[in-house]
Amino acid sequence: MGYARKVGWVTAGLVIGAGACYCIYRLTRGKKQNKEKMAEGGSGDVDDAGDCSGARYNDWSDDDDDDSNESKSIVWYPPWARIGTEAGTRARARARARATRARRAVQKRASPNSDDTVLSPQELQKVLCLVEMSEKPYILEAALIALGNNAAYAFNRDIIRDLGGLPIVAKILNMRDLIFKEKALIVLNNLSVNAENQRRLKVYMNQVCDDTVTSRLNSSVQLAGLRLLTNMTVTNEYQHMLANSISDFFRLFSAGNEETKLQVLKLLLNLAENPAMTRELLRAQVPSSLGSLFNKKEYKEVILKLLIIFENINDNFKWEESEPAQNHFSEGSLFFFLKEFQVCAEKVLGIESRHDFQVRVKVGKFVAKLTERMFPKSQE
């Protein structure tokens, strides 16, 4: 009888222990499934855009992804997405997929190939709200792309301005992220093809100019800034605001690649066509390496455009009565470079020159004009 009672107690203990283990298993499995559902956006405090309650920004690299373009995008991971754990790996993968879906949803409207590229005023208002308030990098980038594409349409430029879009986009210029800054400059560049928009954007010209000349040489941000400044100087009204930066533009022209050189030339050509800017251009300091440009025959297009700028300066220049020959221009200025331009011309016109015939003719004509107008013998 005593033996049977002992067996009964052992059996009961085993049953109770098994039941407790099963309860613990169900409890832990239930928590795990709940977290996985929250990571998928199926339940919990998750909205349609994939915004998890308590989500945070992480810049962990995703080098293990096959899709390199998607993996380089900034992704918001849930707090439990720990590196080095199986559950964390799955949660991170779901977060990336959710970010990709949200980004593509906005970019679908931003795509130039979409039938719905042109947004209504109500939709533009929503995009501007995303630009102003979104904390998700991929949403902000896609919204700026959509806004830039719509700003290319003339009728949308007034709408975006009336919706208060100019200061909203200009505020992005203060961000350190170069991708956002470039996209914002593209939007402002498209919006600047409008007289009223230019009048309101002039307050940002000094900031754009400073950012452009200090950006990494030949970078996309620098080129976007040069394009915006070129648009802002198509008319003579705001050109004087760049007078103190002309020397920096010549520095960029001398050091930059061919794309940067051509973009700087477009800007300088706008200034050179304005007689009021002639002396500002002549006072600008130019790098000593500027003359070496004429030794390189591969820069035919650049040389021809630069000669057009020089011709405009020469045509607009007028000696004032009783003005000293040097006109208070400092050494190293464009004035002294043009005064010694004969040295560059000889390299182009020499027998051993390998320059194109068109370049040689253009240089020869310019030297004759220069000697006749800017530096006649009476001024020497």
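Please read these numbers as outputs of a predicted model, since none were measured by experiment.
- Not one N or O on the side chain of N231 forms a donor-acceptor pair closer than 3.5 Å with the backbone of V193.
- Contact annotation: the side chain of L201 approaches that of L166 to within less than 4.5 Å [non-hydrogen atoms, C-beta and beyond].
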Q | salt bridge (charged side-chain N to carboxylate O under 4.0 Å, His left out) between R360 and E346, intermediate numbers included | A | CA-CA 10 Å; R360 300 177 68 176; E346 290 174 356; over 6 Å; no
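- Counting only heavy atoms from C-beta outward, the side chains of E196 and D158 never approach each other to under 4.5 Å.
- For the atom pair D356 CG and L304 CG, the distance stands at 7.5 Å (nearest 0.5 Å).
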Q) Passes side chain to side chain contact (heavy atoms under 4.5 Å, CB included), F294 versus I303? Steps please. A) CA-CA 7 Å; F294 293 88; I303 293 174; 3.7 Å; yes
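- Heavy-atom contacts from other residues, nucleotides or ligands closer than 6.0 Å to CD1 of I179 number 12 or fewer.
- A 4.5 Å side-chain heavy-atom check between F249 and V213 finds at least one atom pair inside the cut-off.
- Shortest non-hydrogen contact noted between A143 and V127 is O-CG1, 3.4 Å.
- S333 OG to L281 CG: the interatomic distance, rounded to the nearest 0.5 Å, is 11.5 Å.
- Counting only distance, with no hydrogens or angles, the side chain of R373 and the backbone of F317 share a donor-acceptor pair below 3.5 Å.
- Residues S215 and S219 share a closest heavy-atom pair of CB-OG, 3.9 Å.
- Donor-acceptor pairing under 3.5 Å is recorded for the side chains of T260 and N257.
- Residues V302 and V361 fall into different hydrophobic clusters, defined by Ile, Leu, Val, Met, Phe, Trp and Tyr side chains chained together at heavy-atom separations under 4.5 Å.
- Remark: F357 pairs with no residue by the ring pair (Phe, Tyr, Trp, His ring centres under 6.0 Å) rule, at least two apart or across chains.
- A donor-acceptor distance shorter than 3.5 angstrom exists from the side chain of N316 to the backbone of A272, with no hydrogens or angles considered.
- In terms of modelled atom types and a separation under 3.5 Å, the side chain of Q239 and the main chain of N270 share a donor-acceptor contact.
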Q. Does the pair L252 and Q222 meet the rule for a side chain to side chain contact (heavy atoms under 4.5 Å, CB included), with working shown?
A. CA-CA 10 Å; L252 294 182; Q222 188 172 81; 3.5 Å; yes
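- In terms of heavy-atom proximity, N190 sits nearest to A152 at CB-N, 4.1 Å.
- Residues N197 and R161 bring a donor and an acceptor atom of their side chains to less than 3.5 Å of each other.
- Within the 4.5 Å cutoff, no side-chain heavy atoms of Y204 are placed close to those of L228.
- A distance of 10.0 Å separates CD1 of I160 from CZ of F155, quoted to the nearest 0.5 Å.
- A salt bridge does not link E258 to K261: none of the charged side-chain nitrogens sits closer than 4.0 Å to a carboxylate oxygen.
- Taking the side chain as every heavy atom from C-beta outward, L173 and Q207 approach each other to under 4.5 Å.
- Without hydrogens or angle criteria, N314 side chain to F310 main chain gives no donor-acceptor distance under 3.5 Å.
- Annotation for L124 and L147: closest pair CD2-CD1, 4.2 Å, computed over non-hydrogen atoms.
- Note that CG of L242 and CE of M205 are 4.0 Å apart. Values are rounded to the nearest 0.5 Å.
- Between T233 and L229, the shortest heavy-atom distance links the atoms OG1-O, 2.9 Å.
- Although no hydrogens or angles enter the test, the distance criterion places a donor-acceptor pair under 3.5 Å between the side chain of T212 and the main chain of V208.
- For the pair F329 and K339, the minimum side-chain heavy-atom distance is 4.5 Å or more.
- A distance-only check finds no donor-acceptor pair linking the side chain of N218 to the backbone of G256 [under 3.5 Å].
- Using the six-membered ring where Trp is involved, F366 and F341 have ring planes that are perpendicular, over 60° apart on the 30 and 60° scheme.
- Distance check, rounded to the nearest 0.5 Å: CG of N194 to CZ of R199 gives 10.5 Å.
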Q: Show your reasoning for whether side chain to side chain contact (heavy atoms under 4.5 Å, CB included) applies to R283 and S330.
A: CA-CA 7 Å; R283 290 191 182 99; S330 60; over 6 Å; no
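- Panel note: side chain S289, backbone S292; no donor-acceptor pair is recorded below 3.5 Å.
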Q: Please step through side chain to side chain contact (heavy atoms under 4.5 Å, CB included) for the pair C344 and F337, ending with a clear verdict.
A: CA-CA 10 Å; C344 298; F337 175 82; 4.1 Å; yes
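- Counting only distance, with no hydrogens or angles, the side chain of S134 and the backbone of V131 share no donor-acceptor pair below 3.5 Å.
- Within 6.0 Å of CG on N244 lie no more than 12 heavy atoms contributed by other residues, nucleotides or ligands.
- In this structure the side chain of L293 reaches within 4.5 angstrom of the side chain of F253, judged on heavy atoms.
- For S254 (side chain) and F250 (main-chain N/O), no donor-acceptor pair under 3.5 Å exists by modelled atom type.
- Counting heavy atoms from C-beta on, the side chains of K362 and E311 come closer than 4.5 Å.
- V118 and E123 get closest at one heavy-atom pair: O-OE1, 4.5 Å.
- When hydrophobic clusters are built by joining Ile, Leu, Val, Met, Phe, Trp and Tyr residues whose side-chain heavy atoms come closer than 4.5 Å, directly or via intermediates, L267 is not grouped with V234.
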N/O donor-acceptor pairs under 3.5 Å from side chains in residues 181-188, not counting sequence neighbours:
from : atom 1 : to   : atom 2 : distance (Å)
E182 : OE1    : S220 : OG     : 3.3

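- Atoms CG and NZ, on L269 and K305 in that order, are 8.0 Å from each other to the nearest 0.5 Å.
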